[in-house]
Student: 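Handing you this structure, nothing more for now.
In what follows, chains are A, B, ... by sequence order, proteins preceding strands, each numbered from 1.
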There are 2 protein chains.
Amino acid sequence: MRKVYTPATAANGVEHVLKLLEGRWKLIILFHLFDGKVRRYSDLEKLIPGISQKMLAQQLRQLEADGIVARKIYPQVPPKVEYRLTPWGQALCPALDTLLKWAEQKDDFPSSAPAR
Amino acid sequence: MRKVYTPATAANGVEHVLKLLEGRWKLIILFHLFDGKVRRYSDLEKLIPGISQKMLAQQLRQLEADGIVARKIYPQVPPKVEYRLTPWGQALCPALDTLLKWAEQKDDFPSSAPAR
DNA sequence: CTGAATCCATGCGGATACTG
DNA sequence: CAGTATCCGCATGGATTCAG
């Protein structure tokens, strides 16, 4: 029997999984791999203004280690490396999509973010 | 005419909204306010093991300032303060729900997280 | 092109103590 | 009960340099 889904209790235990998405750039990166898109390292660098090489590489390494992103290396000169979502990463797409739609809804709610 | 939704371009510009969810405890807190639930400060403190008063208060302040969480103070002794989601915060629930389901799917994907 | 390595500043977040 | 105030360590992340 599969575990019954209850929002009330579900919060206990998902922290560990949620932590995999922590990090300033992870969600941004994932959005750019949305939909099964395949990106090269340099593509992501251009697509994400403000990110440093170190951060891009580091967050990609972590996403890879966590089984969310897959890396494919083409042994050639100059090097070519492609990133895509793993099956589990793909499963995250609906959540990303919902998150995206929420973000876009912001303006539909008057006086939502009064400023910080 | 409303903006057309395209995952490819949508990633540009949502960063700002996504940042509102950054912070080690924010998602956890939101999960405990899921579904229109109303929680007192002390409730959240008990529900979230490991969080410090400072962090709980700080993240709540930020979520409040960002229009995601609403605070209601009962002027009485001893003090009583309730937290709930704002309408915009409520709109986030579907996304939280999808995220939760993704987290629970983890075991369905063999060799997902090989360890770090 | 795709990184790894290093140095360094910022600030996040923890622990503790204090208050209305 | 529901916070604020303070101190502080360490991880996060930026800039730069080097390398296969």
Student: What integer distance in Å separates B:R61:CZ from C:dC12:P?
Tutor: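 Rounded to whole Å, this separation is 16 Å.
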
Student: Within the 4.0 Å heavy-atom criterion, would you say B:Y83 contacts the bases, only the backbone, or no part of the nucleic acid?
Tutor: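 B:Y83: backbone/sugar contact only, no base atoms under 4.0 Å.
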
Student: Just the rounded figure in Å: distance from P of C:dC1 to CD of A:Q76.
Tutor: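 Result: 12 Å.
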
Student: Can you tell me which nucleotide in D:dT6, C:dG3, C:dC1 comes closest to the side chain of A:R71?
Tutor: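 Nearest nucleotide to the side chain: C:dG3.
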
Student: In whole angstroms, how far is the P atom of D:dG9 from the CE atom of B:M55?
Tutor: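 After rounding, the gap between these two atoms is 17 Å.
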
Student: Can you confirm whether B:V81 sits close enough to B:Y83 that some side-chain heavy atom of one is under 4.5 Å from a side-chain heavy atom of the other?
Tutor: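 Heavy-atom side-chain distance check passes, below 4.5 Å.
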
Student: Could you work out which one of C:dG3, D:dA15, C:dG14 sits closest to the side chain of A:V81?
Tutor: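 Selected nucleotide: C:dG3.
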
Student: Starting from P on C:dT2, measure out to CD on A:E64 and report it in whole angstrom.
Tutor: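 Taking CD of A:E64 and P of C:dT2, I get 15 Å after rounding.
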
Student: Taking any heavy-atom pair under 4.0 Å as a contact, classify A:K54: base, sugar-phosphate, or nothing.
Tutor: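 Base, at least one base atom sits under 4.0 Å.
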
Student: Would one find a side-chain N or O of A:R24 under 4.0 angstrom from OP1 or OP2 of D:dT12?
Tutor: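 For D:dT12, OP1/OP2 do not have a side-chain N/O of A:R24 under 4.0 Å.
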
Student: Mapping A:P79 and A:S52 onto DNA chain D by nearest heavy atom, which one lands closer to the 5' end?
Tutor: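 Between the two, 5'-proximity favours A:S52.
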
Student: When rounded to the nearest 0.5 angstrom, what is the spacing between NZ in A:K26 and CG in A:L60?
Tutor: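 Result: 10.0 Å between the selected atoms.
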
Student: Please tell me which of A:Q53 and B:K46 maps to the more 5' nucleotide of DNA chain D, matching each residue to the nucleotide holding its nearest heavy atom.
Tutor: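 The residue mapped nearer the 5' terminus is B:K46.
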
Student: Reckon A:Q59 has a side-chain N or O less than 4.0 Å from the OP1 or OP2 of D:dG13?
Tutor: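 Answer is yes, contact under 4.0 Å.
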
